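Report on the structure given below.
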Amino acid sequence: QRRVVAVVRAEAINPEIRKTEEKVVDSVVSSELSKPLTAYCRCWRSGTFPLCDGSHVKHNKATGDNVGPLLLKKPKE
Ligand code: FES
């Protein structure tokens, strides 16, 4: 029987985008959204992927990375 073992290395996934910022977070605002705020994971570490669960904080600390979520926001009325 063949056994497959996955090895996940802790390394930064953002090698060059806005590296002078502590955390790269982008927002899209649209009145067509049904929820006031949704955060999508871009670090691939979330336990609730595709939604952000805050795991990027641990990832960034462990790797020196600066990745953060994509926020979808409904404008305040
Ligand atoms: Fe991945 Fe927040 S958990 S960006």
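Counting from 1, the numbers follow the sequence of the chain as shown. Everything numeric in this text was worked out from a predicted model, so none of it was measured. Just follow the structure's listing: the first ligand is 1, and inside any ligand the first atom is 1.
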Exercise. Can any side-chain N or O of Thr38 pair as donor or acceptor with the backbone N or O of Leu72 at less than 3.5 Å?
Worked result: no
Problem set entry | Residue Arg42 vicinity, atoms of ligand 1 by number, heavy atom under 4.0 Å | 1 (Fe), 4 (S)
Exercise. Short list, please: which atoms of ligand 1 are under 4.0 Å from a heavy atom of Asp53?
Worked result: 3 (S)
For this session: To 10°, measure the SG(Cys43)-atom 1 (Fe) of ligand 1-SG(Cys41) angle for me.
Result: 100°
Problem set entry | Under 3.5 Å donor-acceptor, Lys19 side chain and Asn14 backbone | yes
Exercise. Checking Asn66 side chain against Asn60 main chain: does a donor-acceptor pair fall under 3.5 Å?
Worked result: no
Exercise. Just wondering, more than 12 heavy atoms not from Glu21 lying within 6.0 Å of its CD?
Worked result: yes
For this session: Using a strict cut-off of 4.0 Å, indicate which atoms of ligand 1 neighbour a heavy atom of Pro69.
Result: 4 (S)
For this session: State, with a plain yes or no, whether a side-chain heavy atom of Val25 is found less than 4.5 Å away from one of His56.
Result: no
For this session: Would you mind running through ligand 1 and noting each atom that sits below 4.0 Å from a heavy atom of Ser55?
Result: 3 (S)
Seminar exercise, completed: Note: ligand 1 atoms sitting under 4.0 Å from heavy atoms of Ser46 are 3 (S)
Exercise. Is any NZ, NE, NH1 or NH2 atom of the basic residue among Asp65 and Arg45 found under 4.0 Å from an Asp or Glu carboxylate oxygen of the other?
Worked result: no
Exercise. Considering only heavy atoms, does Val67 approach ligand 1 within less than 4.0 Å through its side chain, its backbone, both, or neither?
Worked result: neither
Exercise. Is the distance between atom 2 (Fe) of ligand 1 and the nearest N/O/S atom of Cys52 smaller than 2.8 Å?
Worked result: yes
Exercise. Of the listed options (His56, Lys58, His59), which comes nearest to atom 2 (Fe) of ligand 1 when hydrogens are ignored and any heavy atom counts?
Worked result: His56
Problem set entry | Whether over 12 other heavy atoms sit under 6.0 Å from Lys74 NZ | yes
